[in-house]
There are 2 protein chains.
Amino acid sequence: MTPDTSGHASTGTPFDSLVTVGLEQTSTVDRVVEELRRAVFEGELESGTPLREVALAESLGVSRPTVREALTLLVSEGLAIREPHRGVAVATPDPESIGDVSRARCVLELAGVRGWREATDADKKAVRTALEEYAAAVAGSASYEELNRRHLAIHLAFVGLTGSPRLVAMGASAHAELRLALAQVERARRNASDQVAAHQLLVDLLEADKVDQAAAELRRHLADGEAAILERLGLHPDQ
Amino acid sequence: MTPDTSGHASTGTPFDSLVTVGLEQTSTVDRVVEELRRAVFEGELESGTPLREVALAESLGVSRPTVREALTLLVSEGLAIREPHRGVAVATPDPESIGDVSRARCVLELAGVRGWREATDADKKAVRTALEEYAAAVAGSASYEELNRRHLAIHLAFVGLTGSPRLVAMGASAHAELRLALAQVERARRNASDQVAAHQLLVDLLEADKVDQAAAELRRHLADGEAAILERLGLHPDQ
DNA sequence: GTTGTCAGATTGTCAGACAATGACTTGCCG
DNA sequence: CGGCAAGTCATTGTCTGACAATCTGACAAC
């Protein structure tokens with residue numbers, strides 16, 4: 001069955017052959033988590049899909065304990081749900097949780113935007129850079145997931161204006177759930193709409209020190225986003 | 001502490017009429033995590049103490065994989081730090097992280113306080129209840145950790161005014177780090193000062209709909225708390 | 001049609017083992 | 001006598017195998 005004897009080359013993991021110039025000492029568990037995250041964000045794993053330990057183990061060429069630890073991490077990130085003795089499954093975003101995530105985003109990002117004047121130059125620059133990279137990605141017609149990531153990076157940069165790494169981490173966690181929901185909703189129709197203008201307006205308002213206007217605009221922008229997701233979610237009532 | 005992050009969707013599922021007797025289906029890993037958390041919060045484990053897998057395994061009477069998974073969770077909560085091939089150790093709170101946690105608290109709790117008017121009655125009631133229980137604990141001269149928990153429960157109730165479970169979870173995670181720091185600082189001198197009056201004032205201001213005043217008061221209260229911790233941290237420069 | 005039971009599948013936990021890596025000790029050489 | 005290299009030990013990261021507890025589904029019985 002298992003032709004081991006010579007290490008654990010196992011089935012094709014094309015990444016292992018790469019040199020990996022010593023910089024990134026990634027543990028096996030980290031790589032598994034990364035792969036699962038990618039699959040979830042890319043929409044390859046449908047919401048609710050059970051993640052069986054043995055199947056994943058032989059599919060990824062690692063042992064069951066390794067997969068198990070990766071799943072535990074995934075659950076702790078909120079991307080999957082574990083039911084005792086029933087296994088782990090990809091989380092299913094319901095309208096309630098979407099609303100909750102949106103509220104959390106709103107709090108975090110508004111806190112950043114309101115603190116624009118007190119923010120460090122580095123954090124302000126991060127906002128501009130994120131916007132530029134998003135615009136470049138749109139112009140270069142990057143992949144759907146790429147656009148999505150760059151878009152959320154702008155919003156994360158807003159949170160970063162608070163200067164608090166923990167708040168940024170919280171924002172990232174919220175965005176992870178959002179990306180999960182987006183992947184489920186837009187699995188077929190990947191119409192990442194071009195929203196460069198809206199974000200440019202936001203940053204312009206900030207640069208002009210019109211903080212309150214920017215905050216109001218951001219609030220509207222987030223409400224729009226939530227409505228869009230909910231609407232599309234409503235169109236896919238698979239259950 | 002965090003009562004439960006799992007169930008209680010409470011979307012009209014009338015299962016509650018059933019006994020719901022505390023089946024407490026706790027897995028072994030959960031119990032280990034719980035025990036480690038308790039030890040950390042109680043100050044039994046000094047900051048920086050290495051958490052050896054084998055030692056913990058035989059000390060707790062469980063296997064190494066179980067301990068390992070528990071440690072992974074502890075690390076993901078920020079209560080411990082894992083260095084590759086060097087093991088897991090109790091996190092050491094430095095002034096920078098304390099300041100960061102305080103900023104995060106400030107954002108979260110202010111968001112809740114500012115939303116007092118829009119908050120549900122249940123969430124408002126939770127604030128009053130938390131305050132009452134804190135006062136009762138002070139009057140009954142409860143244990144140090146008990147007072148600490150009840151105190152932070154009030155602040156968590158403030159976050160709860162946003163009505164967002166995720167923001168509450170984020171607040172709880174911040175409070176966990178705070179409790180770690182407090183346990184380290186006040187290991188010897190457990191002078192949990194009676195702060196009932198300060199919180200009573202806060203709630204009174206809210207009840208009187210003086211939201212802005214309450215927000216300002218809360219901001220001052222948090223700044224005071226941070227200063228107190230930092231001062232005491234400065235008195236213990238063990239390294 | 002409902003209920004009881006059983007087999008299969010999956011998870012939770014354990015035990016043991018091995019390689020890789022980091023820390024410590026020892027001995028050599030200047 | 002002191003600094004550096006090699007060896008040794010401890011610890012973690014990962015794998016293999018195993019077993020009990022539990023859930024799922026189907027099948028038989030009433």
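In what follows, every chain begins at residue 1, and chains take the letters A, B, ... in the order their sequences are listed. This is a predicted model, so every value here is computed, not measured.
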Below 3.5 Å, can you tabulate the donor-acceptor pairs from side chains in residues 171-178 of chain A to any protein atom, sequence neighbours excluded?
| unit_1 | atom_1 | unit_2 | atom_2 | d |
| --- | --- | --- | --- | --- |
| A:Glu177 | OE1 | B:Arg166 | NE | 3.4 |
| A:Glu177 | OE1 | B:Arg166 | NH2 | 2.6 |
| A:Glu177 | OE2 | B:Arg166 | NE | 2.8 |

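Under the 3.5 Å distance criterion, with hydrogens and angles disregarded, a donor-acceptor pair is assigned to the side chains of A:Ser97 and A:Asp94.
Under the 4.0 Å criterion applied to side-chain N and carboxylate O atoms, A:Glu145 and A:Arg38 are not assigned as salt-bridge partners. Looking at B:Arg31 and B:Glu34, no side-chain N of the basic residue comes within less than 4.0 Å of a carboxylate O on the acidic one, giving no salt bridge.
Paired regions of DNA chain C, where each region holds three or more successive Watson-Crick or G-U pairs whose two hydrogen-bonding distances fall under 3.5 Å, are C:1-30 with D:1-30.
Of the side-chain N and O atoms in A:Thr66, none sit less than 4.0 angstrom from OP1 or OP2 of D:dG13.
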Pull out every protein N or O sitting under 3.5 Å from an N or O of nucleotides 8-12 of chain C, one pair per line with the distance.
| unit_1 | atom_1 | unit_2 | atom_2 | d |
| --- | --- | --- | --- | --- |
| C:dT11 | OP1 | A:Glu53 | N | 3.4 |
| C:dG12 | OP2 | A:Arg68 | NH1 | 2.5 |
| C:dG12 | OP2 | A:Arg68 | NH2 | 3.0 |
| C:dG12 | O5' | A:Arg68 | NH2 | 3.4 |
| C:dG12 | O6 | A:Arg64 | NH2 | 2.9 |

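The shortest non-hydrogen separation linking B:Val127 to B:Phe158 is CG1-CE2, 3.8 Å.
Distance CD (B:Glu58) to P (C:dA15): 11 Å, rounded to an integer number of Å. Atom pair A:Asp30:CG and D:dT12:C1' shows a separation of 14 Å (rounding to whole Å applied).
Side-chain N or O atoms of A:Arg103 include one that pairs as donor or acceptor with a backbone N or O of B:Gly163 at under 3.5 Å. Panel note: side chain B:Gln184, backbone B:Ser47; a donor-acceptor pair is recorded below 3.5 Å.
Considering B:Leu73, B:Leu180, B:Leu79 as possible partners of B:Arg37, the one that fulfils the side chain to side chain contact (heavy atoms under 4.5 Å, CB included) test is B:Leu79.
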